[in-house]
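Input: a single structure, listed below in structure tokens.
As the structure lists them, so they are numbered: ligands from 1, and atoms in each ligand from 1.
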Amino acid sequence: MPLALNVKIKLMKQHPDVVYRYGRALYINLTNRCPNACVFCMKKSWNMRYRSYNLELGKAEPEAPAIIDELKRQTAQQQADEIVFCGYGEPFYRLDTLLETAACAPKLPGKPKTRVNTIGLGNMIAGEDVTPKLKGLLDTICVSLNTSSPEQWLEIVRPQPAFREKGFEGVCDFVRRCTKYVPQTVVTAVEYPSVDIPAVRRLAASLGAGFRAREYMPDYQDK
Ligand code: SF4
């Protein structure tokens with residue numbers, strides 16, 4: 001990253017953004033905890049910023065009442081099509097907060113849809129099958145699988161040791177289970193140079209899910 005750009009990013013406002021708007025959606029930044037260290041992760045190269053928002057929460061993770069108040073405030077100013085649980089961290093570490101917040105969506109102006117972007121290790125994090133809890137609360141779940149190969153999954157997602165042995169199959173199993181409870185279950189893959197995108201699309205179909213490729217964005221974008 002050019003030095004001037006790095007300095008500019010560091011000089012941006014410092015308070016964390018918990019609810020942030022991008023396009024026609026409101027995004028919710030629940031946690032910075034994540035069990036992976038993906039090779040394409042933007043956390044470092046974008047210095048915990050996302051398009052001018054500061055996603056660095058530190059230890060102060062937001063609770064549902066404060067998030068819901070902020071959603072009410074922002075949707076009163078401008079409605080959103082969707083609220084999306086997605087920050088620089090894994091939302092399933094905050095499952096109770098996620099579910100409580102998602103339940104408020106039908107009461108917000110415009111009744112936005114709900115979506116979670118996840119790495120798909122939610123059941124392994126919880127130690128139980130949590131997918132039935134999603135029923136009736138989520139419209140879409142996007143599971144970032146990123147490859148069709150268990151070996152490549154270890155290389156590019158770089159999970160913590162607890163997830164290395166059974167993680168890839170655990171994510172595939174999570175996807176299958178989500179299709180029973182969430183109307184739209186979508187596998188995603190970042191268009192990282194070594195990834196066989198058509199193979200991930202075929203794997204997604206075999207799991208009963210849709211598929212979407214995501215742009216690889218190594219360089220910071222302000223807008
Ligand atoms: S799962 Fe997301 S936040 Fe975690 S390392 Fe990968 S890209 Fe970064």
Hey, is the main chain of Ala213 close enough, under 3.5 Å, to the side chain of Glu191 for a donor-acceptor pair?
no
Side chains of residues 67-78: which donor-acceptor partners sit under 3.5 Å, not counting sequence neighbours?
| unit_1 | atom_1 | unit_2 | atom_2 | d |
| --- | --- | --- | --- | --- |
| Glu70 | OE1 | Arg73 | NE | 3.1 |
| Glu70 | OE2 | Arg73 | NH2 | 2.8 |
| Glu70 | OE2 | Gln74 | NE2 | 2.8 |
| Gln74 | NE2 | Val19 | O | 3.1 |
| Thr75 | OG1 | Leu71 | O | 2.6 |
| Thr75 | OG1 | Lys72 | O | 3.4 |

With Glu169 via salt bridge (charged side-chain N to carboxylate O under 4.0 Å, His left out) - residues at least two apart
Arg176
Short of 2.8 Å from atom 6 (Fe) of ligand 1, name each protein N/O/S atom, waters not counted.
Cys38 SG
Distance alone, cut at 3.5 Å: any donor-acceptor contact between the side chains of Glu90 and Thr31?
no
Mind checking what makes ring-ring contact (aromatic ring centres under 6.0 Å, His included) contact with Phe85, not counting sequence neighbours?
none
Is atom 8 (Fe) of ligand 1 near the protein, in the sense that some protein heavy atom lies at less than 4.0 Å from it?
yes
Should the pair Trp153 and Phe168 be assigned to parallel (<30°), tilted (30 to 60°) or perpendicular (>60°) ring geometry?
perpendicular
